[in-house]
Amino acid sequence: QAAPFLDVRSGVNICVQAAQHGMECIPNDIRIGAEESAEGGVESTNGYATPCMLVVTGPNMGGKSTILRQACLTTLMAHLGCHVPATSCRLSPVDQIFTR
């Protein structure tokens, strides 16, 4: 069984985008887990392995919930076959999403 992963490039949170009323959102990348490459090794863009789980910390109003919601919404939308607001989105099958 392959390791689970989520790789979103230049994605935006659709709720933030809708609240901006036409103003441009700053896109960001989300990379959790690692996808095995065709050669059998773990794919990495910066030479470091990507974590299978993240603990997101930071100050109040720092965007922790926004990035978590973006990852969850992007995953749900991709699995439903909807348009995903990102340059690219690759992910493994997901059957559960946990959040606080």
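Only this structure's heavy atoms are used, side chains among them; waters, hydrogens and symmetry mates stay out. Residue indices begin at 1 and follow the sequence shown.
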What distance separates [X] [atom1] from [Y] [atom2], expressed to the nearest 0.5 Å?
X  : Y   : atom1 : atom2 : value
L6 : S92 : CG    : OG    : 8.0 Å
D7 : S88 : CG    : OG    : 6.0 Å
F5 : L91 : CZ    : CG    : 6.5 Å

Share the residues that join I14 in a hydrophobic cluster, the rule being Ile, Leu, Val, Met, Phe, Trp or Tyr side chains under 4.5 Å apart at the heavy-atom level.
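ILVMFWY cluster around I14 also holds L73, M77, V84.
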Hydrophobic cluster mates of V12, side-chain heavy atoms under 4.5 angstrom, ILVMFWY only, any path?
none
Quick test of your reading: applying side-chain hydrogen bond (donor to acceptor under 3.5 Å, both in side chains), list the pairs with at least one residue in residues 73-84, sequence neighbours left out, ordered by first then second residue.
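Not a single pair qualifies under side-chain hydrogen bond (donor to acceptor under 3.5 Å, both in side chains).
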Whether over 12 other heavy atoms sit under 6.0 Å from L80 CG:
yes
Under 3.5 Å, sequence neighbours excluded: what are the donor-acceptor pairs made by side chains of residues 16-24?
{"residue": "H21", "atom": "NE2", "partner": "A19", "partner atom": "O", "Å": "3.4"}

With sequence neighbours left out, write down each residue that passes side-chain hydrogen bond (donor to acceptor under 3.5 Å, both in side chains) with N28, or none if nothing qualifies.
Q70
Side-chain donor/acceptor of N13 to backbone N/O of T66, under 3.5 Å
yes
What residues, two or more places apart in sequence or in another chain, satisfy side chain to side chain contact (heavy atoms under 4.5 Å, CB included) together with S10?
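S10 satisfies side chain to side chain contact (heavy atoms under 4.5 Å, CB included) with P27, D29, T87 only.
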Would you call I97 and L76 a side-chain contact if the rule is heavy atoms closer than 4.5 Å?
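I97 vs L76: side chains touch.
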